[in-house]
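Here is the naming used below: chain letters follow the sequence lines, and residue numbers restart at 1 for every chain.
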Amino acid sequence: MSKKKEAEFVQHITPRSEDFSQWYTDVILQTGLVDYAPVRGCMVIKPYGYAIWEMIQKEMDQRFKATGHENVYMPMLIPESLLLKEAEHVEGFAPEVAWVTQGGNEPLQERLAIRPTSETMFCTMYAKWVQSWRDLPMKYNQWCSVMRWEKSTRPFLRTSEFLWQEGHTIHETEEEAQEETLQMLEVYREVAESVLALPVYVGQKSEKEKFAGARATYSMEAMMQDGKALQAGTSHNFGTNFSEPFGIQFLSREGKLEYAKETSWGTSTRLIGAIIMTHGDERGLRLPPNVAPIQVVVLPIAQHKEGVLEGAKAVADQLAAKDIRVKFDDRDTVSAGFKFNDWELKGVPLRVEVGPRDLENGQAVVARRDTFEKITLPIDGLANALAALLAEIQQTMFLQAQAFRDAHTAVVSGYDELKAAVNGGFAKGMWCGDTACEEKLKADLNATTRNMPFDQTPTGDTCVICGKKADKVMYFAKAY
RNA sequence: CGAGGUGUAGCGCAGUUUGGUAGCGCGUUUGGUUCGGGACCAAAAGGUCGCAGGUUCAAAUCCUGUCACCUCGACCA
């Protein structure tokens, strides 16, 4: 397709290469994922966007259950006194908490925080529920929304209110808690890579970047197409940092009173932002088949002609019977060309065209969203062929994203190289562990440490920031 | 919080410099022709120009105040 012709088709979306930020806004609004709400910093998630969230929820939730977790629901309001119990936690969250100060017409005795996260609520309840080592572990998760009064917001990436899940567990031993922390990080990585087709770097956060109140924080970091990092999920080991102030004690096997060891882990609707910014292109959204609410759209072509609607519907039914998520688009108010562009914008992985000529020949035209490749396949057995094709698209999209990330990740040995690398990508290099170096990095380059990979094979022996002796392998990047 | 910008039809915008009948595109409605890559023709509906005050014969336009939103910065477990 010529440049000129392509430009005509996509005039509604700002070119990604020209202004990535505006491209993102155009895509999320025009695909109907979200709309802005009449509340500061809040978004309305529309049906198509919510359907993606439901897919993510389903995939995550079944893995949580498979690893022995149960869902619960905690109140949205947290008394101030509870929030104040863990010092670091309070300090970290205080600036962004929204408060309820009045009930009906009466001012409240104690103001109530709208939860920014629920550690304090879970801890309070765990303290009540746990008596003995026999009660452990307790492994609960909740799906809910939280509120953080962020200064600047972007739909899906950072909003005042957002949907997420937060897992909170308590254990007998340090080892068990650490095992849980890493297990859930692995669940996140697996969902990100196999379902969302997001290649991620997993590893441990620095002291400066870790969660307020955690002993250790681990994250998965995804790379967006502008080269910036997006923290796509976190898992924390709290040790006894919360269980001590909250008094979560149990009688051990040896008959001694001990504090429970605690973890928490979370992912949010930010994952949808990650999918958009990792896979989207000039035509709009591209959804990996495993997370696409609609995997195949079937379009009757020249549908006013006799037999076309019925023939195309039969194709859609065949696919649905094979558990393919299919949409039969028989709108007669818009042209076929409009539909092509519409579904490409919405990122549906496969389009099947069924016209009079196709029906005559017992075939259908199949177009891939990921590569724009068009092929003709027999209608007989189409469901099996498309199931295989969807799996291939899933794989292709992951490999594309991985190739992009790898091409934009540079191993660096000094500050100049670091500076060049974080301008549009990730840098991997040695770090001395000093917070002062992180502050300098932030001040000079507006970049941060992302995480330390588990494979700590040294890439050098001096800090890429200060030049002193260093023994930590770190990923650096500018981040959302 | 600092700097800049924008508020005009459902959406996107022009009109403001130089005051003089409220405009355009998309969408919507009705009818017809189309239909294998964003169809066309004809007709129609749709407005407290963010809000308040001031100047003027006359304000979307000038002045003062105010509110909201956006971008960048700062901030961001």
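Of the options A:Phe238, A:Phe64, A:Tyr140, A:Tyr218, a ring pair (Phe, Tyr, Trp, His ring centres under 6.0 Å) to A:Trp265 is made by A:Phe64 and by none of the others. A salt bridge (charged side-chain N to carboxylate O under 4.0 Å, His left out) with A:Glu221 holds for exactly one of A:Arg405, A:Lys228, A:Lys205, A:Arg189; it is A:Lys205.
Side-chain contact of A:Gln363 with A:Thr376: a donor-acceptor pair under 3.5 Å is absent, judged by distance alone. Residues A:Thr181 and A:Ser235 bring no donor and acceptor atom of their side chains to less than 3.5 Å of each other. A:Thr267 and A:Gln165 share a donor-acceptor pair across their side chains, judged by distance under 3.5 Å alone. In this structure, a donor-acceptor pair under 3.5 Å is absent between the side chains of A:Thr448 and A:Glu209. No side-chain donor from either of A:Thr67 and A:Gln183 sits under 3.5 Å from a side-chain acceptor of the other. Judged purely by distance below 3.5 Å, without hydrogens or angles, the side chains of A:Thr120 and A:Arg115 never pair a donor atom with an acceptor atom. For the 3.5 Å distance criterion, the side chains of A:Ser243 and A:Glu262 fail to qualify, holding no donor opposite an acceptor.
One interatomic measurement links the two molecules: CG of A:Asn341 to P of B:rG36, which rounds to 12 Å at whole-angstrom precision. Going from atom CG of A:Asp332 over to atom P of B:rU33 covers 14 Å, rounded to whole Å. Regarding A:Asn361, its CG atom lies at a distance of 18 Å from the P atom of B:rG36, rounded to whole Å.
Pairing of B:rG37, defined by two Watson-Crick or G-U wobble distances under 3.5 Å, is not identified with any nucleotide. Of the nucleotides present, B:rU28 is the one that pairs with B:rA44 by Watson-Crick or G-U wobble criteria, both distances under 3.5 Å. Under the Watson-Crick or G-U wobble criterion, with both distances below 3.5 Å, B:rG23 is paired with B:rC13.
At the heavy-atom level, A:Arg351 lies under 4.0 Å from base atoms of the strands shown. Across all strands shown, A:Lys205 has no heavy atoms under 4.0 Å from either base or sugar-phosphate atoms. Base contact: A:Asp358 has a heavy atom under 4.0 Å from a base atom. At the heavy-atom level, A:Val334 lies nowhere under 4.0 Å from the strands shown. Nucleic acid contact class of A:Thr117 (heavy atoms, under 4.0 Å, all strands): none. Residue A:Glu344 is classed as a base contact, given a heavy-atom separation below 4.0 Å to a base.
One P atom belongs to B:rU8, the other to B:rC49, and the distance between them is 11 Å to the nearest Å. Taking atom P in both B:rC75 and B:rC69, one finds a spacing of 22 Å when rounded to whole Å. Look at the C1' atom in both B:rU6 and B:rA14: the space between them is 14 Å, to the nearest Å. Of the P atoms belonging to B:rG12 and B:rA52, the separation is 22 Å, rounded to the nearest Å. Between the C1' atoms of B:rU17 and B:rA59, the separation comes to 15 Å (whole Å). Rounded to the nearest Å, the gap between the P atom of B:rA60 and that of B:rC51 is 11 Å. As rounded to the nearest Å, B:rU28 and B:rU66 have P atoms that lie 42 Å from one another. Comparing the same atom, C1', in B:rC11 and in B:rG53 gives a spacing of 32 Å after rounding to whole Å.
Interatomic distance, A:Arg450 CZ to A:Gln231 CD, rounded to the nearest 0.5 Å: 6.0 Å. Atom CG in A:Leu441 sits 6.5 Å away from atom CZ in A:Phe476 (nearest 0.5 Å). Taking OH of A:Tyr415 as the reference point, atom SG of A:Cys466 lies at 11.0 Å (rounded to 0.5 Å). In this structure, NZ in A:Lys478 is found 13.0 Å from CZ in A:Phe426, a value given to the nearest 0.5 Å.
Nearest to the side chain of A:Lys374, among B:rG38, B:rG37, B:rG36, sits B:rG37.
Of the residues in residues 222-246 of chain A, those with a non-hydrogen atom less than 4.0 angstrom from any atom of RNA chain B are A:Gln231. Listed by residue number, A:Ile301, A:Ala302, A:His304 are the residues of residues 301-316 of chain A with a heavy-atom contact under 4.0 Å to RNA chain B. Scanning residues 269-278 of chain A for heavy-atom distances under 4.0 Å to RNA chain B yields an empty list.
Each of A:Trp164 and A:Val365 was matched to the nucleotide of RNA chain B holding its nearest heavy atom; the match closer to the 5' end belongs to A:Val365. Nucleotides of RNA chain B nearest to A:Phe211 and A:Val354 differ in position, and the one nearer the 5' end is that of A:Val354.
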Quick tally for nucleotides 69-76 of chain B: nucleotides whose base has a protein heavy atom under 4.0 Å get B, sugar-phosphate-only ones S, the rest -, giving S----BBB
Show me the donor-acceptor pairs, under 3.5 Å and distance only, between side chains in residues 342-349 of chain A and residues at least two apart or in other chains.
{"unit_1": "A:Asp342", "atom_1": "OD1", "unit_2": "A:Lys346", "atom_2": "NZ", "d": "3.2"}
{"unit_1": "A:Asp342", "atom_1": "OD2", "unit_2": "A:Arg331", "atom_2": "NH2", "d": "3.1"}
{"unit_1": "A:Trp343", "atom_1": "NE1", "unit_2": "A:Asp329", "atom_2": "OD2", "d": "2.7"}
{"unit_1": "A:Glu344", "atom_1": "OE1", "unit_2": "A:Arg283", "atom_2": "NH1", "d": "2.5"}
{"unit_1": "A:Glu344", "atom_1": "OE2", "unit_2": "A:Arg351", "atom_2": "NH1", "d": "3.0"}

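Annotation: side chain to side chain donor-acceptor pair (under 3.5 Å) contacts involving residues 292-307 of chain A, sequence neighbours excluded, are absent.
Contact check for A:Phe242 versus A:Phe122: no side-chain heavy atoms found under the 4.5 Å cut-off.
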